[in-house]
Amino acid sequence: MTLLNCDMGESYGIWRLGDDRRIMPAIHIANVACGFHASDFNHMRATVRLAKANGVDVGAHPSLPHRQGFGRREMRIGREELANCLIYQIGALKGFLEAEGMRLYHIKPHGSLYGMAARDPEIAHAICDAADIFKGALLGMINTEHQRVYSARGHRLIAEYY
């Protein structure tokens with residue numbers, strides 16, 4: 001089955017990014033920004049509510065802690081520190097999901113973190129360390145460390161194509 005996913009909820013404060021209201025009805029799953037590259041508590045909650053109103057499953061879209069560069073610059077970060085960074089972000093979104101009676105459907109790392117995990121098994125393992133807690137599927141690319149590590153760790157991989 002083909003699922004259309006889209007990065008959502010990337011506005012923060014008074015700044016608006018994207019047209020979530022018009023896009024949401026056209027997708028199956030939303031990758032909701034968790035605050036470290038974009039979004040904030042008000043936008044996360046609003047995005048979760050919008051997804052619920054449109055019957056869209058929601059996944060966490062955590063990032064490296066780098067808002068200035070929108071999570072698109074690589075950082076050197078150890079496995080435990082990265083796992084803690086992800087647990088923090090995913091936990092925030094999961095709280096909003098629970099408040100709306102929804103479940104966490106998946107986790108999709110954002111930007112540089114996604115690319116780093118595709119190449120570096122330690123980064124992919126850190127993502128799995130966080131995913132072990134939340135139990136959602138992981139979005140990633142086949143024939144990369146995403147597939148090798150996530151599958152070896154027993155996580156369901158939702159293959160993504162660009």
Side-chain angles (χ1 to χ4, degrees), residues 1-75 82-118 123 126-128 130-131 133-142 144 146-147 150 155-162:
M1 172 162 78
T2 301
L3 299 174
L4 184 59
N5 78 85
C6 185
D7 300 350
M8 306 292 280
E10 293 183 323
S11 297
Y12 59 94
I14 62 171
W15 290 277
R16 299 290 182 256
L17 181 60
D19 192 349
D20 292 357
R21 289 203 179 282
R22 288 185 57 201
I23 294 169
M24 192 71 76
I27 65 172
H28 301 100
I29 54 178
N31 313 312
V32 178
C34 295
F36 277 26
H37 75 282
S39 198
D40 61 32
F41 41 88
N42 289 319
H43 289 284
M44 270 193 269
R45 182 108 192 229
T47 305
V48 167
R49 285 178 171 162
L50 182 62
K52 182 178 182 178
N54 285 276
V56 172
D57 287 318
V58 172
H61 199 39
S63 174
L64 294 169
H66 191 261
R67 187 172 286 215
Q68 295 87 343
F70 198 67
R72 301 225 182 265
R73 295 182 193 151
E74 291 191 5
M75 300 173 72
L82 178 55
N84 291 338
C85 175
L86 299 174
I87 293 166
Y88 180 89
Q89 294 176 76
I90 298 163
L93 179 65
K94 190 162 188 309
F96 291 119
L97 287 166
E98 289 178 5
E100 298 300 324
M102 296 179 71
R103 68 184 173 107
L104 178 71
Y105 183 75
H106 70 282
I107 299 165
K108 179 191 175 189
H110 169 77
S112 291
L113 182 57
Y114 186 89
M116 292 166 67
I123 301 296
I127 291 165
C128 286
I133 295 166
F134 296 105
K135 310 297 184 220
L138 291 162
L139 262 70
M141 293 184 290
I142 58 172
T144 68
H146 293 163
Q147 182 179 25
Y150 300 169
H155 292 281
R156 183 169 69 97
L157 173 72
I158 299 173
E160 183 174 52
Y161 304 94
Y162 283 91

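Just so you know, residue 1 is the first one in the sequence shown, and it goes up from there.
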Practice task
Give the ring-plane orientation class for His37 versus His61, where under 30° counts as parallel, over 60° as perpendicular and anything between as tilted.
Solution key: perpendicular
Practice task
Kindly check if the number of other-residue, nucleotide or ligand heavy atoms within 6.0 Å of CZ (Arg103) is above 12?
Solution key: yes
Quick check: does any side chain N or O of [X] sit under 3.5 Å from a backbone N or O of [Y], one acting as donor and the other as acceptor?
X	Y	result
Ser63	His110	no
Asp40	Gly13	yes
His28	Leu4	yes
Lys94	Phe134	no

Exercise for the section: Show your reasoning for whether side-chain contact (heavy atoms from CB on, under 4.5 Å) applies to Leu17 and Tyr12. Expected result: CA-CA 8 Å; Leu17 181 60; Tyr12 59 94; over 6 Å; no
Can you tell me how far apart [atom1] ([X]) and [atom2] ([Y]) are? Round to the nearest 0.5 Å.
X	Y	atom1	atom2	answer
His43	Asp20	NE2	CG	9.5 Å
Ile90	Cys85	CD1	SG	9.0 Å
Leu139	Arg156	CG	CZ	9.0 Å
Ile27	Leu3	CD1	CG	10.5 Å
Glu100	Arg45	CD	CZ	4.5 Å
Asp57	Ile29	CG	CD1	7.5 Å

Over all heavy atoms of both residues, which pair between [X] and [Y] is shortest? Give the atoms and the distance, please.
X	Y	value
Met141	Glu160	CG-O, 3.9 Å
Ala118	His146	N-NE2, 3.3 Å
Ile23	Cys6	CG2-SG, 3.9 Å
Met44	Phe96	CB-CD1, 3.9 Å
Ala51	Val58	CB-CG2, 3.4 Å
Arg73	Ser112	N-OG, 3.2 Å

Exercise for the section: Would you check, one step at a time, whether the test side-chain contact (heavy atoms from CB on, under 4.5 Å) holds for Thr47 with Ser11? Expected result: CA-CA 10 Å; Thr47 305; Ser11 297; over 6 Å; no
Measuring only between side-chain heavy atoms, which start at C-beta, is [X] closer than 4.5 Å to [Y]?
X	Y	answer
Pro62	Ile127	no
Asp7	Lys108	yes
Asn31	His106	yes
Leu86	Ile107	no

Exercise for the section: Report the C-alpha separation of Val56 and Leu50 in whole Å, then their side-chain angles, then the decisive distance to 0.1 Å, and conclude whether the side-chain contact (heavy atoms from CB on, under 4.5 Å) test is met. Expected result: CA-CA 8 Å; Val56 172; Leu50 182 62; over 6 Å; no
Problem - Verdict with supporting geometry, Tyr105 and Asn5, side-chain contact (heavy atoms from CB on, under 4.5 Å) - result: CA-CA 12 Å; Tyr105 183 75; Asn5 78 85; over 6 Å; no
